[in-house]
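To find a chain, count down the sequence lines: A is the first, B the second, and so on, and within it residues start at 1. Source: prediction; values computed, not measured.
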Amino acid sequence: MSADATKMEKIVSLCKRRGFIFQSSEIYGGIGGFWDYGPLGVELKRNIKEAWWNDMVRNPPTGPSGRDLQMVGVDCSIIMNPKVWEASGHATGFADPMIDDRETKQRFRADQLIGLWKIKEIPKSEFSGLENQNIFEFSVSPPEFTSVAISVREAAEEFEKILRKERKQGVFEYRWIKQVSYLGGEVALMAAAPKREQQETICLWYARKIMLDELTSQADLIPSPYTGKIGNLTQPRQFNLMFKTHYGAMEDASSLAYLRPETAQGIFANFKNVCDSSRVKIPFGIAQVGKSFRNEINPRNYTFRSREFEQMEIEFFCHEKDSMMWWEWWRNVRINWYKTLGLKSENLRPRNQDEKELAHYSKACTDIEYMFPFSDEPQELEGVAHRGCFDLTQHQTHSGKDMSYFDDESKERFTPTVIEPSAGADRSTLAFICEAYTVDESRPSPEIMRFHPRLAPIKAAVFPLVNKEGMPEIAEQIYRDLRKHYACQYDPKQSIGKRYARMDEAGTPFCFTVDGQTLQDGTVTVRDRDTGQQERIDKGNCLLFLREKLNLE
RNA sequence: GCGGGUGUAGCUCAACGGUAGAGCGUCACGUUGCCAACGUGAAUGUUGACGGUUCAAAUCCGUUCACCCGCUCCA
């Protein structure tokens, strides 16, 4: 258990108690990996998404050359033509049993693995007529894995490579290689290599598809097809990570569809539409906020790894020659965005992926990670990835539609390179909650949510100090004026301390209180959430006061 | 997916197989003139769900669901 597990438990407890986050379908025993936002949670999350949309799309930062950034938005359907997922690579990677190479992070289909076994060495005198025999009769236990390939063709090449290498040493020569049927017509290679002719022995090998149960039981013995090293492969697992559904009334194979596992593909699929309709010129970005769905193997850590989650994604299209500059620029913009909204730099951990982690088409990727109390390892909030021209090229190939861009100034036609800052809305929300959670034992109400004012679910509360003598009427009027502009609450009940305490737990930055002096000189107190300090302002200036405070960066 | 743990009121937690409780919170009334104050009162539970053992189950057993921890995983 990490050192801050107790802190996380308190945060979870507060989130439920105050109405930030509830377990989905709780009255039915819940459902794994799904969460609901309560009255305060929905305001918080909306504020985060709106801050993102405002700061990235409507009022984006100035570009590196001092020119304004071109950013536009889309809102695409969650269900798309299933071919989209073939093009994006999700269909295969999500549906079949897959194995990972822990070292190279390569993932491949388990049911296509071809194993190459060394069976045994036999005297050369027994070699004649071998071609006509069933090679499996020679099998002695245990055959020794020597190599693994991910296709029959590769297995053959691999075998030839081994023999070539041996031939180079001047001692070995391979004799034959042939295909036979094996278990239900699967293709197998069988081969033998004369070995150390002076010792009069030869070596037998065979290659065949590795069965799934073998992969499961012998995962630790099978060499990686990429490195040849033993012990780096995971067990094969079924990755049904996309949610299946059907469209139309008939539920058959032709109506199979998927809930999107990411919002990005809606952007790529609309690349041409946006270009043709909105007068944008490269470089420019398309943004989208929306729900995505992944059947996580093991949802864990509160809302951090949910099966239904919301993304805030940008696909930024630029020329390949400027792409690294843009990648670095976006990386810094995004890190600073979190800092500006209150995530402290020591908890925020940008981490550049090393080459082994990168997808094969990617040149660079920074994971913006955050130290949550539930883990000793930083966890990813956002990835800023250099995706090359992979996605547009894939869609061009699969759809047959041209995805290239023509630059009128340089008269150049090219497929744009994409920089993808992809942020998790729920993960960010959780990070802002964890960051805001503060315990100050010196205060009568120790638990305080110190949200940045822009993110706070309630911007201000208005109280009559006591619920009589004309105070409620004045307070109510202030409240009615404020709530036209900001999320506010009015609370006339119970002791003033209790009301302040409740607002501390909700993370409300300011409380206006109408008291006896208000009746005389028209001033009210403003109480600051973080310091507990009060000042007096004119009751007519509450809105002005909030405007000033909330616009602060 | 594997191993371990937990599940009782909104929250935190008691209750040895024998009548389900406390603190806090919530609500009402009174009081109160700035920090969970005070007084009085109230509501709230098929003890996660299902099944079994038993005269009797929150308690013992089985199944299941959810959450937590460790592995694993995170395209």
Side-chain angles (χ1 to χ4, degrees), chain A residues 1-2 5-6 8-10 12-19 22-35 38 85 88-100 102 105-109 216 219 234-242 261-262 294-307 309 357 359-360 367 374-377 379-380 383 424 427 440 442-448 463-469 471 493-505 511-519 524-529 531-534 536:
Chain A
M1 188 181 271
S2 74
T6 345
M8 196 63 215
E9 280 168 18
K10 288 195 168 145
V12 171
S13 166
L14 187 147
C15 281
K16 171 151 199 208
R17 190 155 37 90
R18 284 299 172 210
F22 307 125
Q23 190 183 13
S24 170
S25 334
E26 192 187 1
I27 59 169
Y28 292 100
I31 175 169
F34 297 91
W35 300 88
W85 311 114
S88 69
H90 291 89
T92 48
F94 275 49
D96 299 309
M98 304 293 281
I99 289 183
D100 287 350
R102 290 190 186 93
K105 302 287 179 187
Q106 294 275 9
R107 168 166 293 167
F108 45 91
R109 287 180 58 173
T216 309
T234 62
Q235 298 245 321
R237 275 155 318 187
Q238 198 70 34
F239 278 68
N240 282 320
L241 291 196
M242 276 202 291
E262 61 175 34
R294 296 181 187 184
N295 251 325
E296 295 290 350
I297 298 164
N298 190 359
R300 192 69 75 88
N301 289 332
Y302 204 30
T303 61
F304 184 82
R305 181 166 293 121
S306 303
R307 293 195 160 112
F309 58 100
E357 287 178 90
H360 65 273
D367 286 342
F374 57 70
S375 173
D376 295 325
E377 296 286 323
Q379 306 284 330
E380 183 183 345
R427 291 179 171 191
D440 183 348
S442 73
R443 287 168 56 151
S445 49
E447 286 181 304
I448 309 157
F463 306 143
L465 185 58
V466 288
N467 197 13
K468 59 182 184 183
E469 293 173 21
M471 293 182 205
K493 300 286 182 69
Q494 295 180 318
S495 76
I496 190 72
K498 196 170 279 193
R499 284 178 278 169
Y500 284 148
R502 269 200 290 261
M503 285 303 149
D504 283 345
E505 285 190 352
C511 296
F512 299 105
T513 303
V514 172
D515 58 13
Q517 197 177 329
T518 312
L519 305 171
V524 297
T525 65
V526 190
R527 181 239 192 209
D528 183 279
R529 174 195 67 201
T531 64
Q533 299 296 307
Q534 294 183 5
R536 297 200 75 90

Student: Verify the ring-centre separation between Tyr302(A) and Phe374(A): is it less than 6.0 angstrom?
Tutor: no

Student: With no angle test and no hydrogens, is the base of rC35(B) tied to the side chain of Ser445(A) by a donor-acceptor pair under 3.5 Å?
Tutor: no

Student: Give a yes or no on whether a donor-acceptor pair under 3.5 Å exists between the nucleobase atoms of rC34(B), that is its base, and the side chain of Tyr500(A).
Tutor: yes

Student: Of all the choices, rA36(B), rG33(B), rC11(B), which nucleotide is nearest to the side chain of Lys16(A) once you look at every atom?
Tutor: rC11(B)

Student: If I pick the P atom on rA14(B) and the same atom on rG41(B), what distance separates them, to the nearest angstrom?
Tutor: 29 Å

Student: Of all the choices, rA37(B), rA28(B), rC35(B), which nucleotide is nearest to the side chain of Lys493(A) once you look at every atom?
Tutor: rA28(B)

Student: Any idea which of rU32(B), rA37(B), rA66(B) is nearest the Lys468(A) side chain?
Tutor: rU32(B)

Student: Starting the side chain at C-beta, find the nucleotide from rC11(B), rA36(B), rC35(B) nearest to Gln534(A).
Tutor: rC35(B)

Student: Is Glu447(A) salt-bridged to Arg18(A), cutoff N-O under 4.0 Å?
Tutor: no

Student: In terms of side-chain heavy atoms of Ser13(A), which of rC35(B), rG33(B), rC11(B) is nearest?
Tutor: rC11(B)

Student: Between Asn295(A) and Asp515(A), which has a closest nucleotide on RNA chain B that is more 5'?
Tutor: Asp515(A)

Student: Name the closest nucleotide to the Gln494(A) side chain, picking from rC67(B), rC35(B), rC27(B).
Tutor: rC27(B)

Student: Rounded to the nearest 0.5 Å, how far apart are CG of Asp440(A) and CG of Asp504(A)?
Tutor: 9.5 Å

Student: Identify all stems in which RNA chain B takes part, counting only runs of at least 3 consecutive pairs (Watson-Crick or G-U wobble, each distance under 3.5 Å), and give each as one range with another, ordered by first number.
Tutor: B:1-7 with B:65-71, B:10-13 with B:21-24, B:26-30 with B:38-42, B:48-52 with B:60-64

Student: Please measure how far the C1' atom in rU64(B) lies from the corresponding atom in rG21(B), and state the result in whole Å.
Tutor: 29 Å

Student: Could you run down nucleotides 44-49 of chain B 5' to 3' and tag each one B, S or - for protein heavy-atom contact under 4.0 Å?
Tutor: ------

Student: With the side chain of Leu465(A) defined as its heavy atoms from C-beta on, choose the nearest nucleotide among rC69(B), rC34(B), rA36(B).
Tutor: rC34(B)

Student: What N/O pairs connect the protein and nucleotides 2-9 of chain B at under 3.5 Å? Give each pair on its own line.
Tutor:
none

Student: Does any donor-acceptor pair link the side chain of Glu447(A) with the base of rA36(B) at a separation under 3.5 Å?
Tutor: no

